[in-house]
Amino acid sequence: MRVLVTGGAGFIGSHVVEALTERGHEAVVFDVREDPGADVRDPASVARALAGVDAVCHQAAMVGLGDGVADAAEYVSRNDLGTAVLVAAMDRAGVRRLALAGSMVVYGEGRYECPRHGVVRPGPRAAADLDAGRFEPTCPSCGAELAPGVVGEDAPTDPRNVYATTKLAQEHLVAAWARTTGGVGVSLRYHNVYGPRMPRDTPYAGVASFFRSALARGEAPRVFEDGRQRRDFVHVRDVAAANVCALEADAAPGALTVYNAGSGTPHTVGEMARALAAACGGPEPVVTGEFRLGDVRHITADSSRLRDELGWRPEVSFAEGMREFAGER
């Protein structure tokens, strides 16, 4: 299979290229890092790149929480306009298989259960509560403490920042393309991906990258809130393998199929900071109480559908992945 990988020179995309090659496929890289003219928003360059292609793995995106709404237009341009241009060009070229880099951010907060009201969906956290160190969401009906759980693909979507909104819009665009053309669309909702080649020292990088950069400077990682926020840290090679599984799978035409792509083993942000500090031999993390309004408290995945339907299994453990990531130079 000849696969066009948008963003194929980037963090996740470069690992997807390697995974495809190892499976005997031909990967075609489309990325502005290698060719300034390879802009997914440009119909002519996308059309040229699609020549002779059997499938597309769409990794090109502007990622991270960014700067609130100040860069909203850039997010929408790169993520949503780019995806619209891509699927329109795929329609014209007759390419009918697409794997999308989705994200768990489309869910907003994760799954919570109230002892009295069962499963509930708390609203966005108030700045006054965060200022006072009240980080945990409470039951919207009775104010009781909630127990966090794992999120399945059928959970309602509730994007709570600009990036999350554009990621959900990408899925809607791919779903519309699949219904219109009879194409096969798969969205892998990545959880917190980390590993080799992760971007550094940019407001769009992930928290693991921020912590490692601090440790490389001999500084303590600064952990926001109280460090107890739960995430699912999944290694980039496992995510790349999931993309190959999605492209090779027999999926229903005319629809978008969604899969969570997470390790299945939640860890707190504080745990991750301590693991990196230990692996680097650096100073212990400092819990600062700072916060970002666009962040959610707990979001962890139920990735059983990906395992059961596509046979995918994460292979890199948290401990092994953190040691490798800490040692990368």
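This is a predicted model, so every value here is computed, not measured.
In terms of modelled atom types and a separation under 3.5 Å, the side chain of His235 and the main chain of Glu320 share no donor-acceptor contact.
Asn243 and Gln59 share a side-chain donor-acceptor pair at under 3.5 Å. Under the 3.5 Å distance criterion, with hydrogens and angles disregarded, no donor-acceptor pair is assigned to the side chains of Asp71 and Tyr163. Using modelled atom types and a 3.5 Å distance limit, the side chains of Tyr75 and Asn161 yield no donor-acceptor pair.
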Between His58 and Thr83, is a side-chain hydrogen bond (donor to acceptor under 3.5 Å, both in side chains) present by the stated rule, with each step listed?
CA-CA 8 Å; His58 186 29; Thr83 301; 3.1 Å; yes
Derivation and outcome, salt bridge (charged side-chain N to carboxylate O under 4.0 Å, His left out), residues Asp80 and Lys167
CA-CA 8 Å; Asp80 300 337; Lys167 295 306 289 183; over 6 Å; no
Run Asp308 and Arg305 through salt bridge (charged side-chain N to carboxylate O under 4.0 Å, His left out) and show every step you take.
CA-CA 5 Å; Asp308 295 344; Arg305 180 185 291 180; over 6 Å; no
Candidate pair Thr300 and Arg231, rule side-chain hydrogen bond (donor to acceptor under 3.5 Å, both in side chains), full reasoning:
CA-CA 5 Å; Thr300 56; Arg231 298 291 187 267; over 6 Å; no
If you apply the rule salt bridge (charged side-chain N to carboxylate O under 4.0 Å, His left out), what do you find for Glu109 with Arg121, and how did you get there?
CA-CA 8 Å; Glu109 284 287 353; Arg121 291 190 62 78; over 6 Å; no
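With respect to the salt-bridge test (charged N to carboxylate O, under 4.0 angstrom), the residues Asp39 and Arg78 do not qualify. Look at Arg313 and Glu315 and you find no salt bridge, because none of the NZ, NE, NH1 or NH2 atoms lies under 4.0 Å from a carboxylate O. A salt bridge does not link Arg23 with Glu18: every distance from a Lys NZ or Arg NE/NH1/NH2 to an Asp or Glu carboxylate oxygen is 4.0 Å or more.
Rounding to the nearest 0.5 angstrom, the gap separating the CD1 atom in Ile299 from the CG atom in Asn192 is 9.0 Å. How far CG of Leu276 is from CZ of Phe210: 13.5 Å, rounded to the nearest 0.5 Å. Rounded to the nearest 0.5 Å, atoms CG (Leu306) and SG (Cys245) are 7.0 Å apart. The line from CD1 of Ile12 to OH of Tyr190 is 5.0 Å long, rounded to the nearest 0.5 Å.
Aromatic pair Phe318/His267: centroids less than 6.0 angstrom apart.
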Would you mind writing out the side-chain donor-acceptor pairs for residues 131-139 within the sub-3.5 Å range, not counting sequence neighbours?
| unit_1 | atom_1 | unit_2 | atom_2 | d |
| --- | --- | --- | --- | --- |
| Arg134 | NE | Asp129 | OD1 | 3.0 |
| Arg134 | NH2 | Asp129 | OD1 | 2.9 |
| Glu136 | OE1 | His298 | NE2 | 2.9 |
| Glu136 | OE2 | Arg297 | NE | 3.2 |
| Glu136 | OE2 | Arg297 | NH2 | 3.0 |
| Glu136 | OE2 | His298 | NE2 | 3.2 |

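Counting heavy atoms from C-beta outward, Met322 and Tyr194 have side chains that approach closer than 4.5 Å. Put simply, the side chain of Phe325 reaches to within 4.5 Å of the side chain of Met198, judged on heavy atoms.
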